[in-house]
Colleague: 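This is the structure, below, for whatever I ask next.
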Amino acid sequence: MSGASASPARPDVVPVLTIDGPSGSGKGTVCRAAAQALGWALLDSGALYRLVALAARQRGIALDDAPALGRLAEGLDIRFGSDAAGEELVWLDGRDVTRAIRTETAGNDASKVAALPAVRTALLGRQRRFVAPPGLVADGRDMGTVVFPDAAVKIFLTASADERAGRRYKQLKEKGVAATLAALSREIAERDQRDISRTASPLVASDDAVLLDTTGITVDAVVRRVLEIVRERLSPG
Ligand code: DC
């Protein structure tokens, strides 16, 4: 995508674009494309919760043991990078866990540990350290409300539950992962419920976020709209 450059109105402040929304709203794809078009760094905050959950499983820590999970989240040895083809890679304790954190089990486990304030607090500083010039795209559930409340641009993506389950189904099939649409719909509904109803940083649109419903809209069109919003917000005057 060309001509996407966006200069902040205040050059001394590194601009942050927060994109929040429920599972399957297309956030991951949209954030990656927006970060690439803008030349900004990307924070996949969901991956951090998935890493905590995976590490807990590996170490035999119960997913409701808040103090132990908080300590675990604080000390996790995590590294993000990419391979020669530009595909993202994630390491935990020096081991490649790129695929392991993307399973439905890891996602459901992540939603459980993400409900714990001890874990959320432990990950706050780590998330904020992703901010670096020329800008950051932050993908998550509470990016605009809690982690980056002063972000220059905030967007909240939604899509109908049916559409989200359909997208997830397609993604998993493409990766060769077995899944049924009915089970995915049920899991998405359960995860939404847990993410929306938790007391610690629930999934909610920030008052100052732009709402974008992506139901029936192509990824390219959503990315174009996101980039337009960024340019509108960051252009001086
Ligand atoms: O976006 P994802 O599917 O990778 O996120 C996995 C889980 O992590 C999701 O169920 C909710 C949780 N999460 C969160 O609570 N806060 C975030 N900023 C990102 C993810």
Side-chain angles (χ1 to χ4, degrees), residues 16-32 34-35 42-57 63-64 66 69-70 72-73 76 78 80 88 90 92 97-131 136-149 151 154-159 161 164-165 167-169 171-172 175 177 179 184-206 209 214:
V16 176
L17 161 63
T18 61
I19 304 190
D20 290 303
S23 308
S25 58
K27 272 179 311 138
T29 314
V30 170
C31 285
R32 219 171 297 122
L42 176 67
L43 162 61
D44 174 1
S45 62
L48 296 177
Y49 291 95
R50 287 169 182 265
L51 284 159
V52 173
L54 184 69
R57 285 267 186 201
L63 297 182
D64 59 356
L69 290 167
L72 179 69
L76 276 189
I78 298 171
F80 290 93
E88 285 158 31
V90 187
L92 173 64
V97 292
T98 312
R99 287 175 72 89
I101 61 163
R102 294 296 160 202
T103 64
E104 291 303 294
T105 307
N108 286 322
D109 286 356
S111 164
K112 289 177 193 157
V113 302
L116 304 171
V119 171
R120 305 201 72 87
T121 308
L123 292 180
L124 258 186
R126 206 186 271 267
Q127 294 176 86
R128 290 180 177 150
R129 284 195 293 278
F130 275 77
V131 177
L136 175 72
V137 178
D139 166 350
R141 304 291 191 290
D142 62 341
M143 298 296 99
T145 48
V146 177
V147 182
F148 302 110
K154 300 181 184 180
I155 292 175
F156 194 86
L157 288 189
T158 57
R164 290 187 285 127
R167 286 178 189 168
R168 186 71 103 198
Y169 181 68
Q171 268 176 3
L172 290 174
K175 283 192 225 155
V177 179
L184 284 175
S185 294
R186 207 171 42 242
E187 276 168 23
I188 282 197
E190 278 170 17
R191 206 189 300 181
D192 277 359
Q193 194 49 39
R194 201 160 39 224
D195 293 346
I196 290 165
S197 60
R198 67 175 178 230
T199 39
S201 309
L203 171 64
V204 61
S206 179
T214 70

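Counting starts at 1 for both ligands and their atoms, following the listed order. No hydrogens, no waters, no symmetry mates; every other heavy atom, side chains included, goes into these values.
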Colleague: For ligand 1, which atoms have a heavy atom of Lys27 less than 4.0 angstrom away?
Modeller: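 Reading through ligand 1 atom by atom, the close ones are 1 (O).
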Colleague: Can you tell me the protein heavy atom closest to atom 19 (C) of ligand 1 and the distance?
Modeller: Ser45 OG, 3.4 Å
Colleague: More than 12 non-hydrogen atoms from neighbouring residues, nucleotides or ligands closer than 6.0 Å to CZ on Arg128, yes or no?
Modeller: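 Yes - once you tally the heavy atoms of other residues, nucleotides and ligands closer than 6.0 Å, there are more than 12.
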Colleague: Near Arg120, which atoms of ligand 1 are under 4.0 Å from a heavy atom of that residue?
Modeller: 14 (C), 15 (O), 16 (N), 17 (C), 18 (N)
Colleague: With the side chain counted from C-beta on, respond yes when Val177 and Arg102 share a heavy-atom pair under 4.5 Å apart, and no when they do not.
Modeller: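 Not touching, per the 4.5 Å side-chain cut-off.
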Colleague: For the OG atom of Ser206 and the CD1 atom of Ile155, what is their distance to the nearest 0.5 Å?
Modeller: 12.0 Å
Colleague: Around atom 11 (C) of ligand 1, find the nearest protein heavy atom and jot down its residue, atom name and distance.
Modeller: Asp195 OD2, 3.5 Å
Colleague: With rounding to the nearest 0.5 angstrom, report the OG1 to CZ distance, Thr158 to Arg164.
Modeller: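 Between Thr158 OG1 and Arg164 CZ, I get 8.5 Å after rounding to 0.5 Å.
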Colleague: Quick one: are Phe130 and Val147 in side-chain contact, heavy atoms under 4.5 Å?
Modeller: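 The answer is no, as the side chains (C-beta and beyond) never meet within the 4.5 Å cut-off.
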Colleague: Number the atoms of ligand 1 from 1 as they appear, then name those within less than 4.0 Å of a heavy atom of Met143, with their elements.
Modeller: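 Checking each atom against Met143, I get 18 (N).
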Colleague: Going by heavy atoms, is Arg194 under 4.0 Å from ligand 1?
Modeller: no
Colleague: For atom 10 (O) of ligand 1, find the nearest protein heavy atom and state the residue, atom name and distance (0.1 Å precision).
Modeller: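 Nearest protein contact, heavy atoms only, for atom 10 (O) of ligand 1 is Arg191 CD, 3.0 Å.
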Colleague: So is Asp139 polar-close to ligand 1, meaning N/O to N/O under 3.5 Å?
Modeller: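 No; the residue has no nitrogen or oxygen that sits under 3.5 Å from a nitrogen or oxygen of the ligand.
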Colleague: To which protein heavy atom is atom 20 (C) of ligand 1 closest, and what is the distance rounded to 0.1 Å?
Modeller: Gly46 CA, 3.6 Å
Colleague: State, without any angle test, whether Ser111 and Arg194 hold a side-chain donor-acceptor pair at a distance under 3.5 Å.
Modeller: yes
Colleague: Mind checking whether Arg50 and Val90 have side chains closer than 4.5 Å, heavy atoms only?
Modeller: no
Colleague: Which of the atoms in ligand 1, numbered in the order shown and given with their element, are less than 4.0 Å from a heavy-atom of Arg50?
Modeller: 2 (P), 3 (O), 4 (O), 6 (C)
Colleague: Over all heavy atoms of both residues, which pair between Ala118 and Ala66 is shortest? Give the atoms and the distance, please.
Modeller: CB-O, 3.7 Å
Colleague: Report the nearest protein non-hydrogen atom to atom 12 (C) of ligand 1: residue, atom name, distance rounded to 0.1 Å.
Modeller: Ala114 CB, 3.7 Å
Colleague: Test Arg32 against Glu88 for salt bridge (Lys or Arg N to Asp or Glu O under 4.0 Å), laying out the working first.
Modeller: CA-CA 10 Å; Arg32 219 171 297 122; Glu88 285 158 31; 2.9 Å; yes
Colleague: What protein heavy atom sits nearest atom 8 (O) of ligand 1, and how far away is it?
Modeller: Tyr49 CB, 3.7 Å
Colleague: Heavy atom of Gln127 under 4.0 Å from ligand 1?
Modeller: no
Colleague: Heavy atom under 4.0 Å from ligand 1: found in Glu190's side chain, backbone, both, or neither?
Modeller: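 Neither part.
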Colleague: Distance to 0.1 Å, residue and atom name: give those for the protein heavy atom nearest to atom 5 (O) of ligand 1.
Modeller: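 Here the closest protein heavy atom is Arg141 NH2, 3.5 Å.
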Colleague: Starting from atom 7 (C) of ligand 1, locate the nearest protein heavy atom and write down its residue, its atom name and how far away it is, to 0.1 Å.
Modeller: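 Going by distance alone, atom 7 (C) of ligand 1 is nearest to Ala110 CB, 3.7 Å.
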